[in-house]
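Everything numeric here is computed off the predicted structure, so don't read it as measured data.
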Amino acid sequence: MKKIFGKSVFGGIAIGDISFLKKDEAQVKRLHVDDTETEMKRFEDAKATAAEQLKGLYDKALAEVGEANAAIFEVHQMMLEDLDFIESITNMITTQEVNAEYAVAVTGENFSQMFASMDDDYMKERAADVKDISERIIRILTGAGGNEVDTDKPVILVADDLAPSETVQLDKSKILAFVTRHGSSNSHTAILARTMNIPAIIGVDFPEDCNGKKAVVDGFEGSLYIDPDTDTLTVMEKRRQEELEKREMLQKLKGQENVTKSGQKINLYANIGGVSDVVNVLQNDAGGIGLFRSEFLYLEKDEYPTEDEQFQVYKSVAETMAGKKVIIRTLDIGADKQIGYFNLAHEDNPAMGYRAIRICLDRIDIFKTQLRALFRASAFGNISIMFPMIISVDEVRQIKEIVNEVKAELDEAGVPYKEDLELGIMIETPAAVMISDELAKEVDFFSVGTNDLTQYTLAIDRQNPQLDKIYDSHHPAILRMLQMIVDNAHKAGAWAGICGELGADLTLTETFLKMGFDELSVSPSMILPLRQKVRECE
Ligand code: PEP
Ligand code: MG
């Protein structure tokens with residue numbers, strides 16, 4: 001047995017086999033195709049190859065493991081011919097003019113979700129089969145040798161590093177834990193691991209020959225056991241069970257209020273990166289969405305998402321949240337979130353460079369496209385919009401002018417939107433804190449981005465693992481700023497929340513309540529622990 005220490009990013013115990021992340025394999029992107037007939041032919045050919053492969057697998061399994069066990073490949077062959085499945089793919093290719101692999105991926109995902117939600121256990125199991133089939137077709141279409149996670153059963157995913165765009169595209173159902181050699185605990189990849197509710201450790205110097213080996217991840221301690229001995233396995237399995245029981249206990253808090261013993265209430269909302277996280281938000285009974293990092297929509301793609309594509313996503317989130325608040329942050333790229341097609345110039349210091357609102361106020365076409373999509377979607381739910389990386393009142397006024405132009409255009413076109421849509425800003429620069437009295441007069445709410453606020457206040461790059469030790473969001477400078485922000489918000493009649501990672505720090509919950517924060521927005525998995533903590537506070 002070998003035990004290697006790293007740093008915890010998200011707690012939890014995972015036991016399983018290690019799988020190295022295969023990089024440079026085809027990841028499915030949505031592409032526009034002009035020639036839908038050729039695309040249909042590609043799909044038909046891939047389907048035929050898949051059928052051949054499955055027949056081969058059936059024959060092999062029949063010879064080696066008998067008819068009962070081989071039957072699964074027969075089921076797969078039947079599913080491959082399922083008319084609804086084929087119709088959905090055909091429809092997407094011909095009407096949406098998208099590439100075959102994208103149509104297969106989306107259809108596969110939709111169908112497997114549909115099966116997974118059925119009551120019948122047999123049908124539930126078919127969800128995995130649909131996924132398997134669509135992945136087979138995608139592998140054939142892309143010529144990829146295997147999945148990004150090259151296995152059928154869930155694994156402990158080990159990689160040198162993971163970019164946010166890679167993490168967001170991984171099939172979460174196949175990952176028991178993340179282990180990376182690089183990365184820092186405040187990076188967006190770490191944040192995604194927390195959002196996905198998956199144990200994760202970073203800074204682990206794993207040996208190159210551990211692929212396929214049995215391992216245990218202790219996400220609490222930040223350690224990885226390779227080839228664990230029987231004693232370790234027994235202890236860890238027990239802890240894993242205890243963890244599951246604890247989670248079940250937290251489930252009892254669903255439907256309960258976020259209220260302290262003395263009656264102070266606070267809103268607990270969730271942070272998300274995309275539509276697929278909404279299930280988690282609802283499962284954990286969040287009161288709303290306090291931060292939708294909309295840039296992931298852009299990161300997942302090869303070209304600018306269109307107004308309609310964005311509209312569909314925002315509308316779907318707003319509708320699914322059924323009247324609960326959904327705060328969508330406008331595009332926040334730059335720094336660690338780089339997107340090729342934006343063609344951003346190389347910068348020596350990107351964290352302090354051309355990013356977030358600076359790009360939006362410069363490339364107004366991109367900004368307006370997003371705002372139009374947001375306003376249109378606001379007719380379908382309770383959407384609010386917030387803007388990242390603000391440093392001046394002037395920026396907010398510019399934003400409001402553009403917002404008014406967008407509204408006027410929609411009015412003219414007779415397109416409905418939410419009249420009283422709330423506008424807010426993120427407070428994540430010391431400049432914004434110092435003028436928060438003035439800024440508060442301009443907006444409906446503040447949401448404090450403590451990740452960046454800590455970075456800029458302490459002059460510590462949040463991406464630099466070497467500085468993780470001194471990246472201290474509890475620094476008195478930050479705590480004083482937080483008090484100043486709430487006070488200034490309230491004086492101007494605005495509300496204030498925290499959506500940075502610090503919001504989930506249970507050792508500060510009481511402090512945040514005393515400071516007077518109205519809202520905390522955290523990873524979905526932290527909603528119930530936080531509710532429990534709030535209810536224990538005086
Ligand atoms: C923050 O900076 O705290 C924040 C919530 O934004 P992001 O982590 O996406 O930069
Ligand atoms: Mg930020």
Side-chain angles (χ1 to χ4, degrees), residues 30 32 91-92 94-98 102 106 110 269 272-278 281 288-301 303-333 339 341-342 356-357 359-388 390 395-426 442-445 447 494:
R30 182 192 173 114
H32 176 83
N91 235 335
M92 280 190 74
T94 52
T95 60
Q96 296 184 29
E97 299 179 345
V98 292
Y102 182 77
V106 172
N110 289 345
Y269 295 165
I272 64 163
V275 184
S276 59
D277 296 328
V278 179
V281 174
I289 290 172
L291 167 64
F292 177 172
R293 291 182 162 95
S294 70
E295 55 275 10
F296 284 107
L297 232 97
Y298 295 71
L299 277 160
E300 282 166 9
K301 295 184 55 84
E303 56 195 345
Y304 296 101
T306 64
E307 178 183 322
D308 263 340
E309 280 167 354
Q310 294 191 56
F311 163 70
Q312 292 301 344
V313 170
Y314 305 144
K315 172 173 175 273
S316 142
V317 174
E319 282 179 337
T320 315
M321 290 302 290
K324 291 184 179 153
K325 202 182 257 304
V326 176
I327 304 177
I328 304 179
R329 171 175 79 184
T330 58
L331 178 65
D332 183 7
I333 58 154
I339 303 179
Y341 59 84
F342 269 74
I357 202 68
I359 297 179
C360 288
L361 288 177
D362 189 39
R363 296 176 65 177
I364 296 186
D365 49 333
I366 297 175
F367 193 33
K368 271 192 149 178
T369 303
Q370 181 170 35
L371 287 172
R372 260 197 308 272
L374 285 168
F375 269 92
R376 280 172 57 198
S378 71
F380 299 86
N382 187 5
I383 286 181
S384 305
I385 306 177
M386 74 175 168
F387 305 94
I390 297 296
E395 277 172 345
V396 180
R397 296 209 174 126
Q398 281 183 60
I399 291 167
K400 282 163 69 177
E401 234 170 76
I402 298 168
V403 163
N404 286 337
E405 281 171 31
V406 166
K407 282 181 168 178
E409 284 163 21
L410 293 176
D411 285 340
E412 198 163 322
V415 179
Y417 58 86
K418 190 174 189 292
E419 290 290 343
D420 56 350
L421 183 150
E422 283 195 344
L423 294 180
I425 54 170
M426 293 196 61
E442 302 285 334
V443 294
D444 299 303
F445 67 94
S447 188

Chemist: Counting only N and O atoms by type, is there a donor-acceptor contact under 3.5 Å from the side chain of R363 to the main-chain atoms of F342?
Modeler: yes

Chemist: Are a donor atom and an acceptor atom from the side chains of Y304 and Q370 found within less than 3.5 Å of each other?
Modeler: no

Chemist: Any chance you could measure Y341, atom OH, to Y298, atom OH, to the nearest 0.5 Å?
Modeler: 7.5 Å

Chemist: For the backbone of L423 and the side chain of D444, can you confirm whether one donor and one acceptor N or O come within less than 3.5 Å of each other?
Modeler: yes

Chemist: For residues E303 and R30, report the shortest heavy-atom separation together with the two atoms involved.
Modeler: OE2-O, 4.1 Å

Chemist: Quick one: does R293's side chain get under 4.5 Å of L291's, heavy atoms only?
Modeler: yes

Chemist: Using 0.5 Å steps for rounding, measure from the CD1 atom of I359 to the CD1 atom of I339.
Modeler: 8.5 Å

Chemist: As an exercise, state the distance from OG of S294 to CG of L374, rounded to the nearest 0.5 Å.
Modeler: 7.0 Å

Chemist: Using the side chain to side chain contact (heavy atoms under 4.5 Å, CB included) definition, which of the options I425, T330, I328 pairs with I385?
Modeler: T330

Chemist: Do T306 and T369 make a side-chain contact, defined as non-hydrogen atoms from C-beta onward lying under 4.5 Å apart?
Modeler: no

Chemist: Drop me the distance from I289's CD1 to S384's OG, to the nearest 0.5 angstrom.
Modeler: 11.0 Å

Chemist: So, for P416 and A379, which heavy atoms are closest and what is the spacing to 0.1 Å?
Modeler: O-CB, 3.7 Å

Chemist: Salt-bridged, E295 to R329, with N to O below 4.0 Å?
Modeler: yes

Chemist: Closest heavy-atom contact between V443 and G424?
Modeler: CB-CA, 4.2 Å

Chemist: Any idea which heavy atoms bring T94 and E97 closest together, and the distance?
Modeler: O-CG, 3.9 Å

Chemist: Any side-chain heavy-atom pair from I390 and I399 closer than 4.5 angstrom?
Modeler: yes

Chemist: I need the Y102 OH to H32 NE2 distance, nearest 0.5 Å.
Modeler: 14.0 Å

Chemist: Give the minimum heavy-atom separation between A356 and P388, together with the two atoms involved.
Modeler: CB-CG, 3.8 Å

Chemist: So N382 and M321, side chain to side chain contact (heavy atoms under 4.5 Å, CB included) or not? Walk me through it.
Modeler: CA-CA 8 Å; N382 187 5; M321 290 302 290; over 6 Å; no

Chemist: List the steps and the verdict of side chain to side chain contact (heavy atoms under 4.5 Å, CB included) for E409 and V415.
Modeler: CA-CA 9 Å; E409 284 163 21; V415 179; over 6 Å; no

Chemist: Are side-chain heavy atoms of I402 and K368 found at a separation under 4.5 Å?
Modeler: yes

Chemist: When you look at L410 and R376, which way does the side chain to side chain contact (heavy atoms under 4.5 Å, CB included) test go after all the steps?
Modeler: CA-CA 8 Å; L410 293 176; R376 280 172 57 198; 4.0 Å; yes

Chemist: Among D277, I327, V281, L297, which residue meets the side chain to side chain contact (heavy atoms under 4.5 Å, CB included) test with F292?
Modeler: L297

Chemist: Can you tell me how far apart NZ (K407) and CG (L371) are? Round to the nearest 0.5 Å.
Modeler: 11.0 Å

Chemist: Any carboxylate oxygen within less than 4.0 angstrom of a Lys/Arg side-chain nitrogen, looking at D308 and K315?
Modeler: no

Chemist: Using a 3.5 Å distance criterion without hydrogens, assess whether the side chain of Y417 forms a donor-acceptor pair with backbone atoms of D411.
Modeler: no

Chemist: So which heavy atom on G381 is nearest to which on K418, and how close?
Modeler: O-CD, 3.8 Å

Chemist: If you define the side chain from C-beta out and look only at heavy atoms, does anything of F367 sit under 4.5 Å from L361?
Modeler: yes

